[in-house]
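The structure under discussion appears below in the form of structure tokens.
All values below were derived from every heavy atom in this structure, side-chain atoms included, with hydrogens, water molecules and symmetry-related copies excluded. As the structure is a computational prediction, the values presented were derived from the model and not from experiment.
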Amino acid sequence: MITLMDRLKELRKSKNVTQQQVADYMKTDGRQYRRYEYGESDPTYKVLIKIADFFDVSLDYLVGRSDDPKRR
């Protein structure tokens with residue numbers, strides 16, 4: 001099963017964006033976003049929604065509960 005941190009890295013690399021670009025969209029600093037990718041911190045549900053919106057994927061896909069990225 002894929003983890004949130006794996007999915008974050010995968011999505012970011014597939015969209016060819018930096019950690020800082022994701023952090024800027026979320027209005028947080030790059031350090032905090034890196035903590036999510038390294039599994040050092042768990043994002044709140046509000047942050048998960050922002051990340052899913054940024055990558056245009058479903059929350060289930062983002063957290064590894066589905067292999068279908070489509071939003072319904």
Side-chain angles (χ1 to χ4, degrees):
M1 182 174 182
I2 193 161
T3 65
L4 173 63
M5 57 189 234
D6 293 331
R7 188 73 82 194
L8 290 174
K9 290 175 197 172
E10 169 193 302
L11 285 168
R12 184 176 55 76
K13 290 177 180 181
S14 73
K15 298 287 185 180
N16 200 29
V17 295
T18 65
Q19 291 174 332
Q20 189 60 53
Q21 287 171 306
V22 181
D24 289 346
Y25 174 83
M26 295 171 34
K27 296 185 177 32
T28 190
D29 64 30
R31 266 183 317 216
Q32 184 58 49
Y33 180 77
R34 280 190 292 280
R35 288 183 188 117
Y36 302 144
E37 274 200 16
Y38 297 137
E40 297 170 357
S41 181
D42 291 324
T44 66
Y45 77 92
K46 289 181 181 182
V47 170
L48 287 172
I49 291 169
K50 284 184 185 179
I51 294 170
D53 286 348
F54 180 83
F55 290 116
D56 194 28
V57 296
S58 71
L59 285 172
D60 280 345
Y61 181 78
L62 183 63
V63 299
R65 289 180 46 145
S66 171
D67 291 328
D68 183 4
K70 293 180 184 157
R71 300 169 101 175
R72 309 224 188 257

As an exercise, state the distance from [atom1] of [X] to [atom2] of [Y], rounded to the nearest 0.5 Å.
X	Y	atom1	atom2	value
D24	T18	CG	OG1	7.0 Å
M26	D53	CE	CG	11.0 Å
E10	R12	CD	CZ	11.5 Å
K9	Q19	NZ	CD	9.0 Å
R34	Q20	CZ	CD	7.0 Å
R7	S66	CZ	OG	7.5 Å

May I ask you to check whether Y33 and E37 show a side-chain donor-acceptor distance below 3.5 Å?
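Y33 vs E37: donor-acceptor pair found between side chains.
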
Got [X] and [Y] here, is their nearest side-chain heavy-atom distance under 4.5 Å?
X	Y	value
L59	Y45	no
R71	D56	yes
L8	T3	no
P43	L4	yes

Are [X] and [Y] grouped together when hydrophobic residues (ILVMFWY) are joined by side-chain heavy atoms under 4.5 angstrom apart?
X	Y	value
M5	F55	no
Y38	V22	no
Y36	I2	no

Between [X] and [Y], what is the shortest heavy-atom contact and its length?
X	Y	value
Q21	N16	OE1-O, 4.4 Å
F54	V17	CE2-CG2, 4.0 Å
S41	Q32	OG-NE2, 3.3 Å

May I ask you to say whether D29 pairs ionically with R35, meaning some side-chain N is under 4.0 Å from a carboxylate O?
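Between R35 and D29 there is no salt bridge, as every charged N stays at least 4.0 Å from the carboxylate O atoms.
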
